[in-house]
Amino acid sequence: MTPSHSLLNSNMPSGSASLIWFRKGLRIHDNPALEYASRASAFVYPLFVIDPHYMEPDPKAFSPGSTRAGISRIRFLLESLADLDLSLKKLGSRLLVLKGEPSEVLIRCLKEWDVKKICFEYDTDPYYQALDNKIKNYASLAGIEVFSPVSHTLFNPADIIEKNGGRPPLSYQSFLKLAGEPSWASSPLLVELSSVPPVGDVASFEISQVPTLKELGYVQNDQEELTPFRGGESEALRRLRESLSDKEWVANFEKPKGDPSAYIKPATTVLSPYLKFGCLSSRYFYQCLKDVYKNVKRHTSPPVSLVGQLLWREFFYTVAFGTPNFDKMNGNKICKQIPWNDDDELLAAWREARTGYPWIDAIMVQLREWGWMHHLARHCVACFLTRGDLFLHWEKGRDVFERLLIDSDWAINNGNWLWLSCSSFFYQYNRIYSPTSFGKKYDPHGDYIRHFLPILKVVSHDSASKECRRKMGEAYALNKKLNGVVSEDDVKSLRRRLDEDGGQEARGRRQRQKLIS
DNA sequence: TGTGCGTTGAAATC
DNA sequence: GATTTCAACGCACA
């Protein structure tokens, strides 16, 4: 339950090797695990393990990608790894990439490289809790030091739960009272590393470069829209600086006042995917925000402020960590038991952006193409799927978000689905987002809707009727030519021919559309 | 048992 | 655009 931090053997004999295992925390700045691995070690092995369970292409999934992740998030991860590799190279090291079941790969590395200490960021997700226990058990039997610091979040969720008598707080306000200021708030974060000890001999391992999507076996379709957001620590810090440069905007930020239909310049920072992968340290972000607040007359406060958004993240991490079966309705003590309907066709209509409500469908397209939507847009489609309109299970919607969002985070995603479906935290089920009027409030001219809805779904009468006339003309001509005796095969081959022509035209239209926008 | 409160509803009203 | 009204939930705390 608690992170281990042993200070034994801090003066290693020269020649000793350490291993830093990257999972989240894909950054150099504010990275205590990397810093500790680098201290008093002759060699440091920076390792990322490509877990086939997470990364293997799955052609049967409902969208391009692996079983668990859509292709946009996989690309984001690969970009983050490439950036990390580049930064490590500047420090005299590099990222080692291996494939396989992580605990098997790790244990083999520890043995073959004669590693004396293994360092990895503490992780509260159930998947890593189980995996990390395996590694910790092996390490303790083998006499290897384990350093697993809390650096993904501002607080250690276990500390908050302990302060509250063993139960996680269930409201934001009670969370705030328990949490207070982070212990490190007034002290400077770690000094930037100037170098990392060299990588040692890799023995019999075949180390690969950071792979591309293609090398992982993904077949990319030109038509496919991938997220416009690029992964990596460098991009995270660039984006952070860009957001922070407008001090007034930072100081006056109020989450509920943002415009969910803003897509040219989103109403929020869009730092969530960088926080999710740890390309950006939440603690560094927190300190930067506090610095801005110090230099302005007045600023907004939690829950609506930017610091408030970081604290929402902490809130959900804490509740998720302290609640068994947090990601399910069954067996989840804080979740209302609701007889949701089970209807795969309705679910598919929602997922595939064909509910017939343009506001809802446009948001679902943005989800699929960008892997990111404004928080309020997420509210609208989640409410619609569950308690608002379709009455389908929040777990089904959760699965779709978990796959397609580039910022999908186990605790936050599940927490928000519990919230929006009125299964926990929030219970005013009579407050329903209207799938029409809510969107109209922000997008009265339909700019957002037209930008994201597939052009063929919003039928343009001019081009559609022209196309229909063309097809009818061809068909009539065929009928006339054959004196009205038209076989099924004749019809089939005509359809094929018309579709080919039409298909090309549609592709051309999309290309032109792209150039314009 | 009563009361106040909870990140961001919609529609009517000013 | 801000405020009021509507209808109304569970939960914490007294």
Side-chain angles (χ1 to χ4, degrees), chain A residues 154 160-161 163-179 249-262 266-272 275 286 289 299-320 322-323 329 332-340 357 359-360 363 372-391 394 407 409 411-444 448:
Chain A
L154 306 177
I160 309 264
I161 292 167
K163 263 193 199 170
N164 198 39
R167 284 203 309 265
L170 294 177
S171 79
Y172 186 79
Q173 292 304 328
S174 60
F175 171 84
L176 283 188
K177 272 186 207 129
L178 287 163
W249 183 83
V250 170
N252 296 320
F253 184 90
E254 283 185 68
K255 187 65 165 282
K257 291 199 176 158
D259 175 357
S261 76
T268 56
T269 61
V270 198
L271 287 170
S272 53
L275 289 166
Y286 182 93
L289 290 171
H299 62 81
T300 52
S301 298
V304 297
S305 64
L306 277 173
V307 162
Q309 305 315 301
L310 277 175
L311 294 170
W312 276 108
R313 179 173 179 267
E314 300 292 313
F315 170 71
F316 285 123
Y317 265 86
T318 305
V319 190
T323 307
M329 181 174 84
N332 180 349
K333 285 219 169 82
I334 66 165
C335 180
K336 290 270 167 290
Q337 303 297 301
I338 295 164
W340 302 109
Y357 287 96
W359 172 246
I360 299 295
I363 295 168
W372 181 92
M373 320 88 96
H374 186 276
H375 189 61
L376 287 177
R378 301 182 193 203
H379 278 209
C380 287
V381 295
C383 179
F384 185 87
L385 181 76
T386 57
R387 67 188 168 83
D389 292 81
L390 302 185
F391 213 72
W394 61 268
D407 62 16
D409 180 298
I412 300 171
N413 191 31
N414 280 289
N416 276 303
W417 276 96
L418 284 165
W419 188 295
L420 261 299
S421 64
C422 283
S423 295
S424 199
F425 310 114
F426 177 76
Y427 306 96
Q428 290 179 259
Y429 58 74
N430 51 316
R431 289 193 188 173
I432 291 173
Y433 290 93
S434 160
T436 52
S437 45
F438 190 85
K440 267 183 208 153
K441 201 162 61 185
Y442 295 100
D443 189 30
Y448 170 82

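Within every chain, numbering begins at 1; the chains are lettered A, B, ... in the order of the sequence lines, protein sequences first and strands thereafter.
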Nearest heavy-atom pair of [X] and [Y]: which atoms, and what distance?
X      : Y      : answer
A:I412 : A:F316 : CA-CB, 4.1 Å
A:V319 : A:P168 : CA-CB, 3.8 Å
A:L154 : A:E314 : N-OE2, 2.7 Å

OH/A:Y357: more than 12 non-hydrogen atoms of other groups inside 6.0 Å: no
How is [X] classified with respect to the nucleic acid when contacts are heavy atoms under 4.0 Å: base, sugar-phosphate, or nothing?
X      : result
A:K440 : nothing
A:Q173 : sugar-phosphate
A:F425 : nothing

Pairwise C1' distance for C:dA8 and B:dC5, with rounding to whole Å: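 Going atom to atom, C1' in each nucleotide, I get 13 Å.
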Please write out each protein N/O paired with an N/O of nucleotides 11-14 of chain C under 3.5 Å, distance rounded to 0.1 Å.
unit_1	atom_1	unit_2	atom_2	d
C:dC11	OP1	A:K336	NZ	3.0

Without decimals, in angstroms, what is the distance between [X] [atom1] and [N] [atom2]?
X      : N      : atom1 : atom2 : answer
A:F438 : B:dA10 : CZ    : P     : 6 Å
A:R387 : C:dG10 : CZ    : P     : 13 Å
A:F315 : B:dG6  : CZ    : P     : 13 Å
A:K177 : B:dC5  : NZ    : P     : 11 Å
A:L376 : B:dG9  : CG    : P     : 9 Å
A:W312 : B:dG6  : CH2   : P     : 11 Å
A:D389 : B:dA10 : CG    : P     : 12 Å
A:I432 : C:dA8  : CD1   : P     : 12 Å

A:Y172 and A:W312 aromatic ring geometry - parallel, tilted or perpendicular at 30°/60° bounds: parallel
Without swapping roles, check the side chain of [X] against the backbone of [Y] for a donor-acceptor pair under 3.5 Å.
X      : Y      : value
A:N413 : A:D409 : no
A:R378 : A:W417 : no
A:S423 : A:C335 : no
A:D443 : A:S261 : no
A:S171 : A:F425 : no

Partner residues of A:F438 under the side-chain contact (heavy atoms from CB on, under 4.5 Å) criterion, sequence neighbours left out: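 In terms of side-chain contact (heavy atoms from CB on, under 4.5 Å), with neighbours along the sequence ignored, A:F438 is linked to A:P260, A:W359, A:L376, A:C380, A:Y433, A:K441, A:Y442.
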All side-chain contact (heavy atoms from CB on, under 4.5 Å) counterparts of A:S424, not counting sequence neighbours: A:I334, A:L418, A:Y427
What pairs of nitrogen or oxygen atoms, one from the protein and one from nucleotides 11-13 of chain B, lie under 3.5 Å apart?
unit_1	atom_1	unit_2	atom_2	d
B:dA11	OP2	A:S437	OG	3.2

Inter-residue atom distance A:R167.CZ - A:T323.OG1, 0.5 Å rounding: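 If we round to the nearest 0.5 Å, A:R167:CZ and A:T323:OG1 are 11.0 Å apart.
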CH2-CG distance between A:W340 and A:L390, expressed to the nearest 0.5 angstrom: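 It comes to 10.5 Å.
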Nearest listed nucleotide, side chain of A:Y429, among B:dT7, B:dA10, C:dC9: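 Looking only at heavy atoms from C-beta outward on A:Y429, the closest nucleotide is C:dC9.
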Under 3.5 Å, N/O pairs linking protein and nucleotides 2-7 of chain C:
unit_1	atom_1	unit_2	atom_2	d
C:dA7	N3	A:N430	ND2	3.4

base_contact_polar (B:dT7 base, A:H379 side chain, donor-acceptor, <3.5 Å):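 Checked by distance alone, the answer is no.
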Base-pair map of DNA chain C as dot-bracket, where | denotes pairing with a different strand and pairs are Watson-Crick or G-U under 3.5 Å: ||||||..||||||
